[in-house]
There are 2 protein chains.
Amino acid sequence: MRYSRQRDEILNVVLSSCNHPDAKEIYNMVKKKIPNISLGTVYRNLNTLVDEGKIRKVLMKDGNDRFDKTLTNHNHIICECCGKVRDVDLLLNGNEVKEVENQTGFKITDCNFNINGICNDCMKGRNC
Amino acid sequence: MRYSRQRDEILNVVLSSCNHPDAKEIYNMVKKKIPNISLGTVYRNLNTLVDEGKIRKVLMKDGNDRFDKTLTNHNHIICECCGKVRDVDLLLNGNEVKEVENQTGFKITDCNFNINGICNDCMKGRNC
DNA sequence: TCCTAAATAGTAATGATTACTATTTAATTA
DNA sequence: TAATTAAATAGTAATCATTACTATTTAGGA
């Protein structure tokens with residue numbers, strides 16, 4: 001793995017993000033530092049960084065995946081109204097894992113919750 | 001909602017499926033009865049049937065969604081090796097829902113688990 | 001049978017992502 | 001320090017599931 005300024009800036013953008021940015025948003029942020037960076041470079045390096053375990057990918061049901069600087073085990077809740085993504089401390093406990101494994105004969109490797117809901121702002125009509 | 005033979009056959013195919021077929025597989029099955037059916041018609045009617053609550057959509061992380069005849073609340077476990085999808089009886093219980101709602105300020109509308117694992121066949125080297 | 005809006009077939013468009021290729025560059029070696 | 005080479009990039013084309021569009025067909029009521 002060779003150093004590249006592009007990958008370095010991409011990592012910085014994700015690590016300094018407060019929300020869960022998607023590839024295009026990351027691309028636009030990095031462009032401020034490296035104006036001629038290619039979108040393909042952003043995608044390639046995001047995947048590399050995920051493979052290295054330096055960031056995580058959040059799979060969205062509309063297919064527009066997002067990226068996450070938080071590495072501790074957690075899941076996400078997504079506002080159906082405004083699309084906001086929030087971290088959630090909720091995991092399958094050991095008993096639940098065993099129960100599913102017994103029920104299905106599968107060996108669980110990982111489990112992510114796609115929780116859908118309405119956020120407080122949208123509930124109060126602030127957004128949509 | 002007007003009757004159409006196309007929608008009727010599409011529903012039949014999903015209801016008589018044992019696995020969780022995707023749109024292309026459904027299209028190919030229906031083509032045996034209605035050779036000149038359009039793929040767009042299959043997609044449109046699958047979405048209509050989902051909206052009507054007659055079938056369900058299973059969101060896959062590769063973006064190639066599948067369809068499910070089972071309407072009772074359940075989730076899915078997916079084999080990372082062969083792609084097989086199996087139903088799982090596992091839901092958030094009331095306490096977990098409340099806890100997440102308190103933690104996030106979101107009102108949960110629905111929650112689906114994307115559980116990944118290795119199925120028995122693949123574990124025994126039968127598939128991949 | 002006639003009429004009209006709903007549904008279809010066939011094709012084009014969309015949009016996120018990946019693949020491809022000539023060029024650039026990190027970093028090793030002489 | 002300069003030459004070398006494989007890894008990484010920029011820019012563009014391709015992919016692939018899905019949706020949009022439009023002329024044509026059709027269900028079902030008058």
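For the numbers below, each heavy atom of this structure counts, side chains included, while hydrogens, waters and symmetry mates do not. Lettering follows sequence order; numbering is per chain, from 1.
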(request) Starting from C1' on dA14(D), measure out to CG on Leu39(A) and report it in whole angstrom. (result) 15 Å

(request) Using a heavy-atom cut-off of under 4.0 Å over every strand shown, decide if Asp65(A) touches base, sugar-phosphate, or nothing. (result) sugar-phosphate

(request) Mind calculating the distance between CZ (Arg5(B)) and P (dA27(D)) to the nearest angstrom? (result) 10 Å

(request) Could you say whether Arg2(B) or Thr41(B) is positioned toward the 5' end of DNA chain C, judged by the nucleotide with the nearest heavy atom to each? (result) Arg2(B)

(request) Starting at atom NZ of Lys61(B), determine the distance to atom P of dC16(D), rounded to an integer number of angstrom. (result) 19 Å

(message) Show every ring-ring contact (aromatic ring centres under 6.0 Å, His included) that has at least one partner inside residues 4-51 of chain B, sequence neighbours left out.
(response) His20(B)-His76(B)

(message) So Met1(B) and Arg7(B), do their side chains get closer than 4.5 Å, heavy atoms only?
(response) yes

(request) Anything under 4.0 Å to a heavy atom of chain A counts; send over the first and last such nucleotide of DNA chain C, read 5' to 3'. (result) dA16(C) to dA27(C)

(request) Under 4.0 Å between any heavy atoms, over every strand shown, what does Tyr3(B) touch: base, sugar-phosphate, or nothing? Just pick one. (result) sugar-phosphate

(request) Please give the angle, rounded to 10 degrees, between the axes at the start and the end of the helix from dT1(C)-dA30(D) to dA30(C)-dT1(D), where five pairs define each axis. (result) 10°

(message) Quick one about Asn112(B) and Lys61(A) (side-chain donor to acceptor, distance below 3.5 Å, no hydrogens or angles considered), yes or no?
(response) no

(message) What's the separation between atom CZ in Arg44(B) and atom CG in Leu49(B), rounded to the nearest 0.5 Å?
(response) 11.0 Å

(message) Regarding Asn45(B), tell me which of base, sugar-phosphate or nothing describes its non-hydrogen contacts under 4.0 Å with the strands shown.
(response) sugar-phosphate

(request) Using modelled atom types only, decide if a donor and an acceptor are shared between the side chain of Glu101(A) and the backbone of Ile108(A) within a distance under 3.5 Å. (result) yes

(message) Using whole Å, what does the distance between atom C1' of nucleotide dA17(D) and atom CE of Met60(B) come to?
(response) 13 Å

(message) Is it the case that the side chain of Asp22(B) and the backbone of Asn64(B) share a donor-acceptor pair, with hydrogens and angles ignored and the cut-off at 3.5 Å?
(response) no

(message) Could you tell me how far apart Ile26(B) (CD1) and dA17(D) (P) are, to the nearest whole angstrom?
(response) 14 Å

(message) Looking at Leu71(B), is its backbone amide N or carbonyl O close enough to the side chain of Arg56(B) to form a donor-acceptor pair, meaning the two atoms are under 3.5 Å apart?
(response) yes

(message) How many whole angstroms separate atom CZ of Arg7(A) from atom C1' of dA7(D)?
(response) 9 Å

(request) Nearest 0.5 Å please: distance from the CD atom of Glu96(A) over to the CG atom of Asn93(B). (result) 7.5 Å

(request) Check for a donor-acceptor pair, side chain of Gln103(A) on one end and backbone N or O of Asp89(B) on the other, with a separation under 3.5 Å. (result) yes

(request) Could you check how far CG of Asp8(B) sits from P of dG28(D), rounded to whole Å? (result) 11 Å

(request) Measure from CE on Met1(A) to P on dA6(D) and round the result to the nearest Å. (result) 18 Å

